[in-house]
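One structure is given below, encoded as structure tokens.
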Amino acid sequence: SADGETIPTYTQDDILDYSRAWTGFTRQTPRGNYENYDGDSSGNYIDPLRIVNDRRDLYPKMGLDGKYIGDGLPLCAQLP
């Protein structure tokens with residue numbers, strides 16, 4: 001900063017953990033009910049992304065608060 005104090009930033013490990021959290025997402029199949037002004041059918045930018053399990057990084061990711069992302073949430077096996 002201008003007064004000589006350090007500014008907290010993300011570490012390389014922070015960036016790697018958060019990038020791993022975004023693996024496995026892909027676009028939905030193209031729709032036929034809207035205009036595509038680019039003239040191609042390269043993708044669906046309207047619907048939410050979907051997760052492809054085979055491309056997903058399944059290992060825990062550390063959050064910026066020092067806790068794992070999702071800690072405190074029930075495991076799937078614990079749900080009714």
Side-chain angles (χ1 to χ4, degrees):
S1 73
D3 58 4
E5 294 186 31
T6 60
I7 300 172
T9 60
Y10 301 113
T11 66
Q12 186 67 27
D13 287 337
D14 294 334
I15 294 167
L16 289 173
D17 277 342
Y18 271 80
S19 68
R20 289 176 39 232
W22 289 102
T23 60
F25 289 93
T26 191
R27 283 183 243 148
Q28 299 282 358
T29 54
R31 291 178 169 209
N33 62 344
Y34 71 96
E35 294 288 331
N36 184 343
Y37 295 105
D38 291 334
D40 62 10
S41 59
S42 61
N44 179 340
Y45 295 95
I46 296 174
D47 297 316
L49 296 173
R50 65 183 172 88
I51 295 176
V52 178
N53 288 328
D54 294 344
R55 294 180 174 177
R56 189 90 173 119
D57 181 336
L58 302 177
Y59 296 102
K61 289 98 179 144
M62 184 64 69
L64 296 175
D65 59 358
K67 299 178 184 174
Y68 286 101
I69 298 170
D71 271 2
L73 299 175
L75 298 175
C76 293
Q78 297 170 329
L79 296 173

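Everything numeric in this text was worked out from a predicted model, so none of it was measured. The basis for the numbers below is simple: all heavy atoms, side chains too, and nothing from hydrogens, waters or symmetry mates.
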With a 4.5 Å heavy-atom cut-off, do Y68 and K61 have their side chains touching?
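When only atoms from C-beta onward are counted, K61 and Y68 do not touch, as no gap falls below 4.5 Å.
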Name all residues meeting the side chain to side chain contact (heavy atoms under 4.5 Å, CB included) criterion together with R56; count only those two or more places apart in sequence or in a different chain, and write none if there are none.
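Checked R56 against side chain to side chain contact (heavy atoms under 4.5 Å, CB included); matches are T23, F25, I51, L58.
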Looking at every heavy atom in both Q28 and D47, which two are closest together, and how far apart are they?
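Between these two residues, the closest heavy atoms are CG-CB, 3.7 Å.
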Between N44 and R27, which heavy-atom pair has the shortest distance, and what is it?
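So the minimum-distance heavy-atom pair works out to O-CD, 3.5 Å.
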Which other residues belong to the hydrophobic cluster containing L16, where Ile, Leu, Val, Met, Phe, Trp and Tyr are joined when side-chain heavy atoms lie under 4.5 Å apart, directly or via other members?
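None; L16 is a cluster of one.
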In sequence, state the C-alpha distance, the side-chain angles, and the governing distance for L64 and Y10, and then conclude on side chain to side chain contact (heavy atoms under 4.5 Å, CB included).
CA-CA 8 Å; L64 296 175; Y10 301 113; 3.3 Å; yes
What salt bridge (charged side-chain N to carboxylate O under 4.0 Å, His left out) pairs are there with at least one residue in residues 6-17, not counting sequence neighbours?
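Only D17-R20 qualify under salt bridge (charged side-chain N to carboxylate O under 4.0 Å, His left out).
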